[in-house]
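The figures here come from the full heavy-atom set of this structure, side chains too, leaving out hydrogens, waters and symmetry mates. Quantities reported herein were computed from a predicted structural model and do not represent experimental measurements. Lettering follows sequence order; numbering is per chain, from 1.
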Amino acid sequence: MRPTLLKDLKMSSRTMVSPYLELRNVTKLFAKVVANKHVSLSIHGGEVLALLGENGAGKSTIMKIVYGLYHADSGEILINGVEQKIKSPKDAMALGISMIQQHFSLVPAHSVTENIILGNVEGRIDLKHYHERVRELATEYGFDIDPAALVRDLPVGVQQKVEILKALFQKARLLIMDEPTAVLTPKEAINLMEFVRRFAAAGNSVVFITHKLKEVMEVADRIIVMRNGVIHGDVLSANTNESELSTLMIGREMPPFSEEMIVSSSAKPMLRLDDVSVRDTHGAYGLKNASFVVRKGEILGIAGVSGNGQQELCEAICGFRSLASGAISLDNRDLAPLGIRERIDIGIGYVPADRQRDGLVMEMSLAENMVLKSSYGPKWKKWRFLDRTRIAEYTRSKIRAYSIKAPGPEAAVKEMSGGNQQKLIVAREVDSGTKLIIFDQPTRGLDLGAIDYVHKSIIAERNKGKCILCVSTELSEIFALSDRIAVLYKGSIQGIFQKSELTSEKIGLLMAGYSIDAINPSAPEKLKESAQ
Amino acid sequence: MNASLRDLFLSIFFAVVFGIVASGSLLLFLGKNPVDAYILLASSIVRDGYTFAEIFVKATPLILAGLAFALPYKASLFNIGAQGQFYIGALTASAVSLALGESIPALPALVLVVVAAGLAGGLWGSFIGFVKARFNSNEFLISMMSTYVALAVMNYFLRTALMETKHEYPQTDSFAASLWLPTLFDGTRLHVGFIAAILLAIVVWVILQRTDLGYRIRVVGLNPHAARLAGVESGRIYISTFFLAGTLAGLAGVTETNGVQHMLVQGFNPTLGAEGIGIAILANANPIGIIFAAILFGALKVGGTVMGQMSGIPASIIEIMEGFVMVFVILSHFVRNSVEIRRAKLALQRSMAV
């Protein structure tokens, strides 16, 4: 209880002075959505503020306004009590505001130093001098970075440090970080939290944009919860808990995980991978010697930090990427000679991670998107033409069955929300995947209602006897859905486990590359058994 | 009427008006009164039936050239080479016409001419699609450069096998009269090709909007990633789309050789391909819109020629006008977009205030 009191005391003393940053009634409209509506908030020096909310809640937008990337339609921004017009990131930086985007803004072909000084130096550049300054800065904050290394050779976690150094080099007093832990391993995330605390302790401010409750409780002094572009709560972290936050965030309690799955070890093996290796886009092995079996009526969850071979795995199975070695078979049929279309025809459904890029044609109608994978063949044809009446009827039935919010089958997909777009894809793939359905990040960016719906659909398909591969970076999703869990790290399968064998701590370590022996030295035999 | 559709018509209307005003202002430098010139332009195209019918004569190949650009454009492909496909079609139509002469009855002979020219243009075009599919070459460059090859091929034949009997000019003999496309009205040059071009525009619309091939063409154009994951082989789409485009341009060759000139002359209609692009842009690549855009361009062409003959104003003012109209049409896309966004925002603000 004592530290809480202390913290509150500290906060109240700070409110006496004017806050470092203050927003008053900021409203931002995009063409069809209200991104922010009368948002007022303040951040003090030495404070870590978490901006919490689901995807699309308007957290990033409001901070992009502070950083000058977007312009508010109305409202005021005050820095140290003085109103400022922030027209561009350049203005923001001059005021000591720096923002690290979710997708880094680094030049991959340039060195660390070149990236850090980009835009901050002019004329003839004394690189040696700057290398030295970057090195000093890195040492000061305990970052282990070679200033001369090329950014493209660095892992994502280190690239993020380069972004941070860039902000420090510009003498940022307010550091905004957008979903900084999304790309990090658990250990890297801990390091980042340590940095954030240290940076704030020196009198600076940090805004931490996230949708992960756990992080928020660890790092923030104060938490602002946003929902649908509006602030729904402004609380001190010491006075709240995860359950209260989640209620604020989604407007209701989180649904409990679905009931324990019945593991069906005697069922018929459907999907079989034998020693499969796949090269990634750059020619390196994205997936190395993967072997596993998914049985009829089983969900195999693939856990891992994103970019560890998940995409290669999914694309190899659906025929988008060819195998470097090994074999894949479905229902005892070798897939090697089959192209993408033949694989669709034999009953492989695929819900891709990037739905707008890979799963939908945004400018087309719902009905047109429903027949994306079945336009060949006689199914939808009347004479030589597409039978639009029948396609519309079919789409209407899916709109009803999946309670998709859309005016009708002729509405454009781009007008729908992400959750409804995903439901449309799920409806289509569930129909075309009669034997196997691959779900890659099936609920990324969805609100909880839609997540729940998609999860129920996945389980329903499994119960119909389909075999299901579910890739997810969200551990809660992996645990909620999977019968068995495989962990991918750097393209290799770290092990395949029954769900009950794992805890989220164990799986976190496996995802970070620790071997099972290091975690659990007493049971190496068991691992081998379950991996088979 | 739907607000965005109204915007589309309004913006195209203003683009045309601005184009006319901007090019008219250039007449001031020549010391001519643009208002007089435009009155002359308007009156000259309706002064007699022959001139009026010429509008549609000129519009016929323009419709086909516009379609030859618009169809691949729907698949996000740029067919800059309609000119070359048109020349190959014209060359083939001429060769077949001259070879057949009056040896077989007119109707089957004309059918043969049309099929051969369409096929030749189509094959010439599908080469572009093939190299795009096979080697991922840039269809923009290949189609553009293939025009020069087509031109050279045509010139070669006009100097050798197809050269007129007197061996004076690089042109063919006149075709047998039975192989001329029948005219629609006596005393005009308007031939059945115009009707055919309109029907083809409708066919293209049907292909795009009602058939599975057209559906896939649009899918490939709008989202190639999703198309590939859906098992659509974009390579085949490239080839078939360019085949269809080449066929359309090749048929424009028939309408010109067998419908208008009744012979093949070196380097005729050298700007047809470029005008086709402009027409497709003006019509927003809508096949039905292309019919009207082509008629507008046809009227400008005819009016410009007559005006040039009568008033000493250079006929090239019409080309400048076409250019201005095109630039304004392209600009209007951006204006329309920002109007659309502002309208949506206002609606939002109103709904928030309630």
Problem set entry | Short side-chain to backbone donor-acceptor contact, B:N79 and B:A68, under 3.5 Å | yes

Exercise. Can you say whether A:Y350 sits under 4.5 Å from chain B via the side chain, the backbone, both, or neither, judging by heavy atoms?
Worked result: side chain

Exercise. Thinking salt bridges, do B:R216 and B:D212 make one under a 4.0 Å N-O criterion?
Worked result: yes

Problem set entry | Top contributor to chain B interface from A:R357, A:K373, A:R343 [non-hydrogen pairs under 4.5 Å] | A:R357

For this session: Say whether A:Y70 and A:N36, considering side chains only, have a donor N or O and an acceptor N or O under 3.5 Å apart.
Result: no

For this session: Look at the aromatic rings of B:F69 and B:Y73 and report parallel, tilted or perpendicular, splitting at 30° and 60°.
Result: parallel

Problem set entry | chain A contact via B:R218 - side chain, backbone, both or neither, heavy atoms under 4.5 Å | both

Exercise. Is it the side chain or the backbone of A:Q356 that comes within 4.5 Å of chain B heavy atoms, both, or neither?
Worked result: backbone

Seminar exercise, completed: Residue from A:L360, A:D387, A:D354 scoring the most non-hydrogen pairs under 4.5 Å with chain B is A:L360

For this session: Let me know if B:Q209 has heavy atoms under 4.5 Å from chain A in its side chain, its backbone, both or neither.
Result: backbone

Problem set entry | Geometric class of the B:F130/B:F135 ring pair [parallel <30°, tilted 30-60°, perpendicular >60°] | perpendicular

Problem set entry | Contacting moiety of A:L372, where chain B heavy atoms sit under 4.5 Å | both

Exercise. Most heavy-atom pairs under 4.5 angstrom with chain B, which of A:R388, A:R384, A:E363?
Worked result: A:R388

Exercise. Short question: side chain of A:N420, backbone of A:K405 - any donor-acceptor pair under 3.5 Å?
Worked result: yes

Problem set entry | Residue selection (most heavy-atom pairs with chain A, distance under 4.5 Å) from B:L346, B:V232, B:I207 | B:V232

Seminar exercise, completed: Pair count under 4.5 Å, heavy atoms only, with chain B: among A:V371, A:D345, A:T27, highest is A:V371

Exercise. Quick one: do B:R343 and B:E340 make a salt bridge, cutoff under 4.0 Å?
Worked result: yes

